[in-house]
Amino acid sequence: MLEMSASPGAAHNSDERRDPPRCLAGTRDLVLKKIMDWLQSGSDSKIMWMYGRGGAGKSAIAQTIAEMCSAKHLLAATFFWFRTAQGRNDETRVVTTLAYQLIQLIPEIRPLVETAIEKDSLLLSRPLEKQLEELIIKPLNKAVLKEDISFASHPRFIILDGLDECGTPSAQCRILRLLLSAVNDLKFPLCFLVASRPEKAIEEEFSGDLSLQTTFLSLDETYPSDTDIGVFLETKFKEITETHPRRGYFPPLWPSSSDLECLACQASGSFIFAHISKPGGRGRALPSAT
């Protein structure tokens, strides 16, 4: 029953998200290191909020971190919101989706979750707060008390990307309050990476009680992306000059260093602009054969 209430497309490795954005090798290295250092340091703060404007590369960073952590057996669950995708554009399936992923990687809690659903056949339609308690907090806590699981031997990292694309501002704040409850009540210490734009409601929620449990990571102020955008543009243009069927018609030294610098400057820190500015992107043509 649980899988029927989950959103499979929200996982980092779902077919619905095939070929998702990810960081180009050699870019965003400082940000990736910051996140991994926080995760592996045993920090008292169990939540990291990574925020930045649209186009700052938040989803690419979240995807890359998810793949890195999955390879290291650190990743417990993910949820990638997307405003136009049914099933992952609001809050209704987030708890069931995370619970479903958790029982795959922490199988010791599966019978506890299944028992909770059997005892309350309407549990999957209960308020999210009740779902969180019965499907995640209680099973993990019971398993810890019974010494069925250890902190060291199981993944504990959950990534929630695109929170600002989750329904309404009130729904986004509700998710954050759920995270605070989880951090406060769990004896099995899960860690959460939340990625979003710094929308007013989200920012206000993080400035309250959540601030005591949160490490803040600003992509706009602390980790500017101008240099990385330059690397991105240079790499993508190089791919075009080496593989495009019309590459024989390209002018020598195309594009020039000054052209690349100009594009990187115009991007103003936005990877979306950089992506659509390269040939083949929206509104950009390849050099003429004439």
Side-chain angles (χ1 to χ4, degrees), residues 1-14 38-40 42-48 62 65-81 87-88 91-161 163 166 174-194 210 213:
M1 291 179 63
L2 186 58
E3 61 268 25
M4 299 300 293
S5 297
S7 177
H12 78 284
N13 56 355
S14 70
W38 164 79
L39 175 62
Q40 297 177 305
S43 171
D44 290 337
S45 64
K46 301 304 179 187
I47 300 171
M48 174 177 279
I65 286 289
E67 293 174 358
M68 291 170 61
C69 290
S70 179
K72 295 176 180 290
H73 305 290
L74 298 173
L75 187 68
T78 57
F79 199 104
F80 283 74
W81 277 284
R88 55 189 186 101
E91 76 278 24
T92 55
R93 297 193 178 203
V94 63
V95 175
T96 52
T97 300
L98 296 181
Y100 177 75
Q101 293 180 47
L102 285 170
I103 66 175
Q104 310 306 312
L105 292 174
I106 310 177
E108 293 87 347
I109 68 171
R110 179 187 291 270
L112 299 171
V113 172
E114 291 175 345
T115 298
I117 296 173
E118 289 172 1
K119 286 183 177 180
D120 182 358
S121 60
L122 296 179
L123 178 58
L124 303 182
S125 62
R126 301 291 185 200
L128 296 182
E129 292 76 11
K130 181 66 172 177
Q131 292 181 27
L132 178 69
E133 180 183 4
E134 298 295 336
L135 298 176
I136 295 179
I137 294 176
K138 283 185 176 180
L140 284 170
N141 285 350
K142 287 179 180 178
V144 169
L145 290 174
K146 291 169 60 179
E147 298 184 351
D148 286 344
I149 57 177
S150 67
F151 300 155
S153 61
H154 286 85
R156 299 184 291 109
F157 187 37
I158 293 178
I159 296 175
L160 304 173
D161 176 69
L163 178 61
C166 169
R174 187 183 185 189
I175 295 297
L176 293 177
R177 289 192 287 270
L178 288 173
L179 293 191
L180 184 59
S181 295
V183 168
N184 287 337
D185 297 341
L186 276 169
K187 301 181 186 301
F188 184 84
L190 294 173
C191 299
F192 299 88
L193 172 66
V194 180
L210 264 175
Q213 298 280 4

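Computed from a predicted model, the values in this text were never measured in an experiment.
- The minimum heavy-atom distance between D44 and Q213, with the atom names listed, is O-OE1, 3.8 Å.
- Summarising the geometry of P189 relative to K46, their closest heavy-atom pair is CB-CE, 4.4 Å, with the distance given to 0.1 Å.
- Here CD1 of I137 is found 6.0 Å from OG of S181. Values are rounded to the nearest 0.5 Å.
- Here the side chains of L178 and E91 are not in contact, with every heavy-atom distance at 4.5 Å or above.
- In this structure, I136 CD1 and I103 CD1 are separated by 10.5 Å, a value rounded to the nearest 0.5 Å.
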(request) Go through the steps to decide whether T78 and D161 satisfy the test side chain to side chain contact (heavy atoms under 4.5 Å, CB included), and finish with yes or no. (result) CA-CA 8 Å; T78 57; D161 176 69; over 6 Å; no

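- In this structure, V113 and P139 approach most closely via the heavy-atom pair CG2-CG, 3.8 Å.
- Between I47 and L180 there is no side-chain heavy-atom pair separated by less than 4.5 Å.
- Counting heavy atoms from C-beta on, the side chains of M1 and E114 never come closer than 4.5 Å.
- Of the possible donor and acceptor atoms, none in the side chain of S7 sits under 3.5 Å from a partner among the backbone N and O of T97.
- Considering every non-hydrogen atom in both L128 and R174, the closest pair reads N-NH2, 3.3 Å.
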(message) Would W81 and I175 count as a side chain to side chain contact (heavy atoms under 4.5 Å, CB included) here? Give the steps.
(response) CA-CA 12 Å; W81 277 284; I175 295 297; 4.0 Å; yes

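- Proximity of R93 to R88: side-chain heavy atoms (C-beta onward) are nowhere separated by under 4.5 Å.
- Between atom CG of residue D120 and atom OG1 of residue T115 there is a gap of 13.0 Å, rounded to the nearest 0.5 Å.
- At a threshold of 4.5 Å between non-hydrogen side-chain atoms, the residues E108 and K146 do not count as touching.
- For the pair P8/Y100, no side-chain contact is recorded, criterion being any heavy-atom separation below 4.5 Å from C-beta on.
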(request) Take L105 and H154 through the side chain to side chain contact (heavy atoms under 4.5 Å, CB included) test and state the conclusion after the steps. (result) CA-CA 8 Å; L105 292 174; H154 286 85; over 6 Å; no

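- Of all heavy-atom pairs between F80 and A11, the closest is CD1-C, 4.5 Å.
- Between E134 atom CD and I117 atom CD1 the span is 10.5 Å, to the nearest 0.5 Å.
- Counting heavy atoms from C-beta outward, L39 and I65 have side chains that stay 4.5 Å or more apart.
- Panel note: side chain N141, backbone D185; a donor-acceptor pair is recorded below 3.5 Å.
- Contact check for F188 versus I109: no side-chain heavy atoms found under the 4.5 Å cut-off.
- Of the possible polar contacts, none joining the S43 side chain to the W38 backbone as a donor-acceptor pair under 3.5 Å is found.
- The one candidate from L98, L179, V183, I158 that meets the side chain to side chain contact (heavy atoms under 4.5 Å, CB included) condition with L190 is I158.
- A distance of 9.0 Å separates CG in L112 from CG in L140, rounded to the nearest 0.5 Å.
- With rounding to the nearest 0.5 Å, the separation of NZ in K72 from CD in Q40 is 6.0 Å.
- S14 and G9 get closest at one heavy-atom pair: OG-O, 3.1 Å.
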